[in-house]
Amino acid sequence: KCKQYGLAELYHKVHPDVRYRGIAVACVNLTTGEQKTYDTILAAGRAFGVDNSFLSRKIRGGKIYFRDGWKIKKKFR
């Protein structure tokens, strides 16, 4: 299998929840009502100064994460 997929692709076949591409994140400021949408978890993590794996764990399964007055959750398409 390693020859067919390559090591990275094989890892993502075994652990599909690790891939962050294509998962949009919706953020709402609770005090001002401002709304922001990020195309990826990585972009949202950079904006809020959090590691993307930490943010991914916090919003996994439709959970909502609160940070510094912002409500952060996955945006389902």
Side-chain angles (χ1 to χ4, degrees):
K1 272 192 164 180
C2 285
K3 290 179 185 177
Q4 186 179 7
Y5 293 114
L7 193 56
E9 284 301 315
L10 178 64
Y11 179 80
H12 288 299
K13 291 249 185 234
V14 176
H15 304 282
D17 57 332
V18 177
R19 213 169 262 221
Y20 303 114
R21 245 180 294 166
I23 300 173
V25 178
C27 308
V28 178
N29 190 320
L30 298 175
T31 56
T32 63
E34 178 187 1
Q35 295 181 356
K36 289 187 179 183
T37 304
Y38 296 97
D39 293 333
T40 61
I41 292 177
L42 183 63
R46 283 184 187 148
F48 289 102
V50 205
D51 184 43
N52 61 348
S53 59
F54 172 79
L55 187 58
S56 177
R57 280 194 312 273
K58 289 295 186 180
I59 62 176
R60 181 175 293 155
K63 291 187 283 186
I64 298 172
Y65 174 60
F66 295 94
R67 180 177 176 88
D68 298 332
W70 287 87
K71 181 172 85 169
I72 305 169
K73 65 178 184 170
K74 283 184 185 177
K75 182 179 178 184
F76 296 103
R77 295 176 188 180

#### Entry: Heavy-atom closest contact (Leu55 atom, Gly45 atom, distance)
CD2-N, 3.7 Å
### Summary
Heavy-atom closest pair (Val25 atom, Thr40 atom, distance to 0.1 Å) is CG2-O, 4.0 Å
### Query
Which value, rounded to the nearest 0.5 Å, describes the distance between Lys36 atom NZ and Asn29 atom CG?
8.5 Å
## Note on the structure
Test side-chain contact (heavy atoms from CB on, under 4.5 Å), reference Ser56, set Leu42, Ile41, Asp51, output is Ile41
Distance-only donor-acceptor pairs under 3.5 Å for side chains of residues 61-73, two or more places apart:
residue, atom, partner, partner atom, Å
Arg67, NE, Phe48, O, 3.4

### Task
Please check if Tyr38 and Val28 belong to a single hydrophobic cluster, counting links between Ile, Leu, Val, Met, Phe, Trp and Tyr side chain heavy atoms closer than 4.5 Å.
no
